[in-house]
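Small disclaimer: the values here were computed from a predicted structure and weren't measured.
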2 protein chains.
Amino acid sequence: MATSSPAPPARERILATAFALFYAHGIRGVGIDRIIAESGVAKATFYKHFPAKDDLVLAYLDRVDEVWTGQLHDAAAAAGPDPAAQLVGAFDALGNACRRDGYRGCAFINAAAENPAGSRVHDRTLAHKEEVLSWLAGLARQAGAEDPEGLARTLTLLLDGGLASGALDARPDAPVAARAAAAALVSAAVD
Amino acid sequence: MATSSPAPPARERILATAFALFYAHGIRGVGIDRIIAESGVAKATFYKHFPAKDDLVLAYLDRVDEVWTGQLHDAAAAAGPDPAAQLVGAFDALGNACRRDGYRGCAFINAAAENPAGSRVHDRTLAHKEEVLSWLAGLARQAGAEDPEGLARTLTLLLDGGLASGALDARPDAPVAARAAAAALVSAAVD
DNA sequence: GTGGACCTAGACAGATCTGTCTGCTAGCGT
DNA sequence: ACGCTAGCAGACAGATCTGTCTAGGTCCAC
């Protein structure tokens with residue numbers, strides 16, 4: 001989605017710059033002027049593509065969703081065809097994310113922290129989390145868990161907790177513990 | 001702590017106002033002027049008590065730590081004398097927190113999302129999380145878990161995940177799932 | 001009553017932020 | 001050759017933010 005247009009270079013440069021800066025410094029911590037300067041784009045061009053900062057923020061979140069969802073699915077797929085194994089394998093995406101430097105936690109949760117409850121940004125975050133939850137619930141159902149929604153919910157807690165904790169201390173034990181706990185919960189729920 | 005001074009009314013009013021506003025709108029979302037206006041304090045008075053906004057932010061986080069740690073300990077204590085039961089009981093604090101309206105997730109994680117990695121705010125967040133972690137590890141040790149640090153780490157993941165998820169959707173199933181998962185993990189680790 | 005601590009009221013400076021507007025340039029299809 | 005689209009460069013307005021400063025009020029101890 002959102003790639004139906006020819007994707008001109010200016011828009012793409014803006015988005016790539018915003019992606020890096022928003023994630024690294026927070027949304028309110030990065031001004032339009034800085035994005036314009038670092039993406040080498042004229043102000044008028046910027047405002048042609050994104051009429052307001054909020055529009056850029058939403059496009060940023062769409063890209064984050066794309067990237068993170070992709071990593072989650074890839075990690076799950078790498079675990080083989082067994083849905084139960086995939087549920088656990090998805091946690092490798094968490095480990096990989098935390099290991100990257102400049103890692104600063106879940107971009108959605110960070111964005112939601114900066115925006116009021118009814119805002120578009122907040123709603124987008126909610127939609128993203130809901131999407132991950134229902135994907136996990138689908139896998140849990142395929143795996144034959146007796147309470148797929150409950151298992152999926154619990155796994156999202158571990159995932160979100162790992163995303164948050166992994167951003168704080170440098171030690172890599174948060175993703176390891178998350179994966180181990182996920183494995184225990186999945187095998188308990190399936191058999 | 002931090003109550004050794006006579007605690008004059010102006011400082012307390014500022015702090016109480018900051019507590020509400022920072023949590024509700026984010027730190028960068030609230031200007032000094034607004035805090036001054038809503039706490040009914042003169043600007044000079046404000047800057048006498050808090051030489052810079054950052055100082056107020058740290059005082060705010062200290063208060064958050066006080067309140068949240070207190071709720072956690074109270075919830076654990078309410079579960080009775082058994083340390084294993086206390087580990088699970090602590091999750092009632094999560095449920096209570098999520099139920100309050102205006103709930104917007106963990107104030108520390110939100111604050112860290114708005115501040116760069118080396119900042120004082122970030123460090124304070126790290127210290128708080130470390131404190132909770134070691135408290136849980138102590139309980140886990142008393143409960144006779146074979147890997148108290150690992151269990152404690154996993155429980156913090158559920159706690160942080162619950163704090164984050166509970167802020168997004170209104171449905172109360174996140175804290176319920178967190179508590180249930182905690183109970184399962186604790187009883188598996190203890191016996 | 002005098003000095004000091006504590007407070008209020010609000011002007012002010014300087015930076016920064018979002019968003020608008022004017023002018024200019026380059027490519028591209030017809 | 002012409003117009004259209006996309007883009008660059010940067011001045012500008014208006015709001016807002018942090019932090020300083022002046023000026024004065026109130027209460028209490030001595």
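Donor-acceptor pairing under 3.5 Å, judged by distance alone, is absent between the side chain of A/Lys53 and the base of C/dG19. For a distance-only test at 3.5 Å, the side chain of A/Lys48 fails to qualify as a donor-acceptor partner of the base of D/dG7.
In this structure, B/Arg34 atom CZ and D/dC17 atom P are separated by 10 Å, rounded to whole Å. Between the C1' atom of D/dT18 and the CD1 atom of B/Ile36 lies a distance of 10 Å, rounded to the nearest Å. Atom pair B/Arg11:CZ and C/dC7:P shows a separation of 11 Å (rounding to whole Å applied). When the C1' atom of D/dG19 is taken as reference, atom CD1 of B/Ile35 falls 14 Å away, rounded to whole Å. The interatomic distance linking B/Phe50 (CZ) with C/dC7 (P) rounds to 11 Å, in whole Å. At whole-Å resolution of the value, NZ in A/Lys43 and P in C/dT18 are 8 Å apart. Put simply, CZ on B/Phe46 is 16 Å from C1' on C/dT8, counting in whole angstrom units. One atom, CG of A/Leu56, and another, P of C/dG19, lie 11 Å apart when rounded to the nearest Å.
Between A/Asp33 and A/Lys43, the closest side-chain pair of non-hydrogen atoms falls below 4.5 Å.
In this structure, of D/dC21, C/dC6, C/dT18, it is C/dT18 that holds the atom nearest to the side chain of A/Tyr47. In this structure, of C/dA9, C/dG19, D/dG7, it is D/dG7 that holds the atom nearest to the side chain of A/Arg13. Residue A/Ile32 has its side chain nearest to C/dT18 when only C/dT18, D/dG19, C/dT8 are considered. Distances from the side chain of A/Ala44 to the nucleotides D/dA9, C/dT8, C/dA11 place D/dA9 closest. Between D/dG7, C/dG19, C/dC7, one nucleotide has an atom nearer to the side chain of B/Pro9 than all others, and that is C/dC7.
Between A/Asp54 and B/Ser39, the residue whose closest nucleotide on DNA chain C is further toward the 5' end is B/Ser39.
Listed pair A/Thr45 / D/dA6 fails the phosphate criterion, with no side-chain N or O lying under 4.0 Å from OP1 or OP2. Between B/His49 and C/dC7, a side-chain N or O to OP1/OP2 separation shorter than 4.0 Å is present.
Checking B/Leu58, B/Val30, B/Ile32, B/Ile35 one by one against B/Lys53, the side-chain contact (heavy atoms from CB on, under 4.5 Å) holds for a single residue, B/Ile32.
Ring orientation note: the planes of B/Tyr103 and B/Tyr23 are tilted relative to one another, at an angle of 30° to 60°.
In the hydrophobic clustering of this structure, B/Leu94 does not group with A/Ile109; members are Ile, Leu, Val, Met, Phe, Trp, Tyr whose side-chain heavy atoms approach within less than 4.5 Å, directly or through other members. B/Val57 and B/Ile36 end up in the same hydrophobic cluster when Ile, Leu, Val, Met, Phe, Trp and Tyr side chains are linked at under 4.5 Å.
Across all strands, B/Ala52 comes closer than 4.0 Å only to sugar-phosphate atoms, never to a base (heavy-atom distances).
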